[in-house]
2 protein chains.
Amino acid sequence: MRDQDLNDIQRLPLFSGMATEHFSQMLRAAYAQDFPAQLQLFRQDDRADFLHVLMEGTVALFAQSGGREATMAIIRPVSSFILAACMLDQPLLMSARTMSRSRIVLIPATDVRKAFRADPEFAVAANRQLAMGFRDMVGQAKSLKLRKSNERLVDYLLTELEVQGTAGRVLISAEKRVLASFLGMTPESLSRAFKSLEAAGVRVSGSQVAIPDPQRLRALLDDA
Amino acid sequence: MRDQDLNDIQRLPLFSGMATEHFSQMLRAAYAQDFPAQLQLFRQDDRADFLHVLMEGTVALFAQSGGREATMAIIRPVSSFILAACMLDQPLLMSARTMSRSRIVLIPATDVRKAFRADPEFAVAANRQLAMGFRDMVGQAKSLKLRKSNERLVDYLLTELEVQGTAGRVLISAEKRVLASFLGMTPESLSRAFKSLEAAGVRVSGSQVAIPDPQRLRALLDDA
DNA sequence: TGCGTGTCTTGACAAATATCAATTTTAGTC
DNA sequence: GACTAAAATTGATATTTGTCAAGACACGCA
């Protein structure tokens with residue numbers, strides 16, 4: 001594993017508070033691996049043997065059922081994933097595949113659990129991470145239960161607008177069909193949802209979405 | 001607060017590993033309170049000032065948006081709720097109301113956070129709790145994204161069948177309109193979904209659901 | 001540059017689900 | 001045990017969303 005990888009990992013909020021000693025101990029059996037695009041990393045129901053840390057590239061977490069498939073999260077560097085399953089030592093709930101060439105560090109789950117008991121700072125950070133993940137999923141479930149598809153798109157666009165910080169426009173950083181799947185709809189529905197937002201000034205061109213008047217979008221959600 | 005309350009609380013997986021000293025310290029400012037049915041305990045976006053522990057009764061966590069409302073979880077004794085928001089000291093994502101007369105112990109969030117830093121066993125247990133909550137929400141989001149409403153009902157019934165352990169029948173322990181809202185559909189749709197399962201042998205009578213042949217239900221989900 | 005593959009969009013249609021209104025059933029109260 | 005109010009069901013209809021098929025567009029690669 002590269003020194004740079006180690007540095008980048010240690011700088012993650014999840015690990016940055018750890019005693020260096022515990023950190024090196026946890027990573028002693030970890031290793032980095034490069035994967036081509038479109039490779040399945042693991043399947044739901046597999047055991048969670050490694051905490052994954054994405055260093056470069058993009059990874060999609062998705063779920064499968066009855067032939068269908070839904071994107072649950074899109075992971076970007078540098079961040080860890082499947083912490084919950086590692087903690088609980090339980091089967092994975094999601095599958096993962098690389099969306100582009102990716103470099104991933106794999107940390108044995110047993111070492112993560114050990115470190116977690118040894119280092120209170122790590123325990124705090126893991127809690128934070130899990131709590132945030134929980135809240136993210138609550139948000140998704142909320143959106144799915146009480147909004148229709150074009151409202152979910154509005155919600156997504158407004159969130160991205162804040163996250164990306166680029167005034168008046170949003171870059172869609174995944175294929176639209178992946179975004180559709182993430183938002184719980186078909187690509188066709190997403191296409192139509194975008195069109196329904198033209199009335200609010202939204203213009204789409206490729207992966208660029210122009211949002212001249214966020215207020216008008218927000219009005220479509222009309223909740224407190 | 002009753003001694004019995006203290007005993008029951010300490011017996012929760014979340015707290016059972018804690019040093020008694022830390023436990024009493026955490027509960028020194030806690031207090032129990034009785035609430036009538038149908039009382040709103042807190043609103044989403046409120047600050048999470050107290051970790052709640054339900055001792056008796058039933059509580060529904062729900063989300064609101066654009067006039068609509070969706071049940072996100074149904075809490076039964078003895079269990080804690082809104083741990084994630086307390087940990088992160090962030091606004092609540094859900095509202096709560098009692099579904100029946102309820103007795104709730106309120107523990108100041110600051111004391112929870114302190115105990116969390118002081119007691120590694122508690123930290124581990126809190127992680128467990130959050131990780132389970134996360135996985136629960138992932139399950140809900142999965143179900144909503146890739147199943148249609150009667151499949152979600154099937155999924156619910158099969159899960160309850162296992163949890164309740166009563167062979168061949170399931171007791172619906174909330175009003176059907178609440179169950180409908182929990183499953184992300186209208187009461188009318190739930191009623192029709194039940195009817196569509198008659199073909200698989202399911203019979204509903206009030207809050208009793210007879211499921212003579214779980215296999216036939218499972219076949220409707222047809223995933224691995 | 002041109003070819004080929006896959007994504008995105010559009011239209012027509014079908015299926016799923018919500019909404020509205022009316023009725024039956026249930027549960028709670030005096 | 002009758003009365004009331006809420007919940008559950010049912011039917012008719014509207015809306016939303018998915019499916020299928022075709023064409024437009026974009027991208028990678030020879």
Side-chain angles (χ1 to χ4, degrees), chain A residues 36-38 58 60 65-71 74 97 99-101 143-156 171-199 202-209 220-221, chain B residues 36-38 58 60 65-71 74 97 99-101 143-156 171-199 202-209 220-221:
Chain A
Q38 302 304 327
T58 314
S65 173
R68 273 169 296 199
E69 160 174 335
T71 305
I74 293 170
R97 82 164 60 89
M99 295 173 63
S100 59
R101 247 172 57 70
S143 221
L144 289 161
K145 277 187 190 173
L146 40 79
R147 294 212 240 259
K148 39 190 124 170
S149 58
N150 51 359
E151 294 170 334
R152 293 201 295 278
L153 174 58
V154 168
D155 186 42
Y156 171 81
L171 178 72
I172 297 171
S173 44
E175 284 170 355
K176 290 214 185 78
R177 70 196 178 88
V178 174
L179 175 59
S181 156
F182 177 69
L183 293 175
M185 64 181 94
T186 59
E188 293 94 327
S189 293
L190 176 61
S191 191
R192 285 169 183 129
F194 269 122
K195 240 175 138 187
S196 79
L197 298 184
E198 285 183 3
V202 174
R203 289 290 176 281
V204 185
S205 145
S207 57
Q208 289 285 344
V209 183
L220 295 179
L221 295 181
Chain B
Q38 302 306 327
T58 315
S65 171
R68 274 170 296 201
E69 159 174 335
T71 304
I74 294 170
R97 81 165 61 90
M99 295 173 63
S100 60
R101 245 172 60 69
S143 221
L144 290 161
K145 278 185 190 176
L146 38 80
R147 294 212 241 260
K148 41 190 118 172
S149 58
N150 51 359
E151 294 170 333
R152 293 202 295 277
L153 175 58
V154 168
D155 185 43
Y156 172 82
L171 177 71
I172 297 172
S173 44
E175 286 169 353
K176 289 213 186 78
R177 69 197 177 90
V178 175
L179 175 59
S181 155
F182 178 68
L183 293 175
M185 62 182 97
T186 59
E188 294 94 328
S189 292
L190 177 62
S191 190
R192 288 171 180 126
F194 268 123
K195 242 177 138 186
S196 79
L197 299 184
E198 284 182 5
V202 174
R203 289 291 175 283
V204 185
S205 145
S207 58
Q208 289 284 346
V209 183
L220 296 178
L221 295 181

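Order of the sequence lines fixes the chain letters, A, B, ..., with proteins taken first and strands second; residue numbering starts at 1 for each chain. Because the structure is predicted, anything quoted here is derived from the model rather than measured.
Rounded to the nearest 0.5 angstrom, B:L153 CG and B:S189 OG are separated by 11.0 Å.
Under the side-chain contact (heavy atoms from CB on, under 4.5 Å) criterion, A:E151 pairs with A:R147, A:K148, A:L221, B:R68, sequence neighbours left out.
C:dA27 atom C1' lies 13 Å from atom NZ of B:K176, rounded to whole Å. Between the P atom of D:dG18 and the CZ atom of A:R68 lies a distance of 10 Å, rounded to the nearest Å. Going from atom CZ of B:R177 over to atom P of D:dA6 covers 10 Å, rounded to whole Å. As rounded to whole Å, 13 Å separates atom P of C:dC8 from atom CG of A:L183. Summarising the geometry, the separation between CD on A:Q208 and C1' on D:dA26 is reported as 16 Å, rounded to the nearest angstrom. Regarding A:K145, its NZ atom lies at a distance of 15 Å from the P atom of C:dT17, rounded to whole Å. Between the CG atom of A:N150 and the C1' atom of D:dT17 there is a distance of 11 Å, given to the nearest Å. Straight-line distance from the CD atom of B:E188 to the P atom of D:dA14: 16 Å, rounded to whole Å.
Taking side-chain N and O atoms only, B:S189 has a distance below 4.0 Å to OP1 or OP2 of C:dA18. Applying the 4.0 Å criterion to OP1 and OP2 of C:dT17, one finds that A:K148 has every side-chain N and O outside that range. Within the 4.0 Å cut-off from OP1 or OP2 of D:dT10, at least one side-chain nitrogen or oxygen of B:K195 is found.
B:V209 is not listed as a side-chain neighbour of B:R203, based on a closest heavy-atom distance of 4.5 Å or more. At least one side-chain heavy atom of B:V204 sits less than 4.5 Å from a side-chain heavy atom of B:K176. When side chains are defined from C-beta on, A:N150 does not count as touching A:L220, because their heavy atoms never get closer than 4.5 Å.
Nucleic acid contact class of B:T186 (heavy atoms, under 4.0 Å, all strands): base.
If you check distances only, the side chain of A:R192 never reaches the base of D:dT15 with a donor-acceptor pair under 3.5 Å. Put simply, the side chain of A:E175 and the base of C:dC8 share no donor and acceptor less than 3.5 Å apart.
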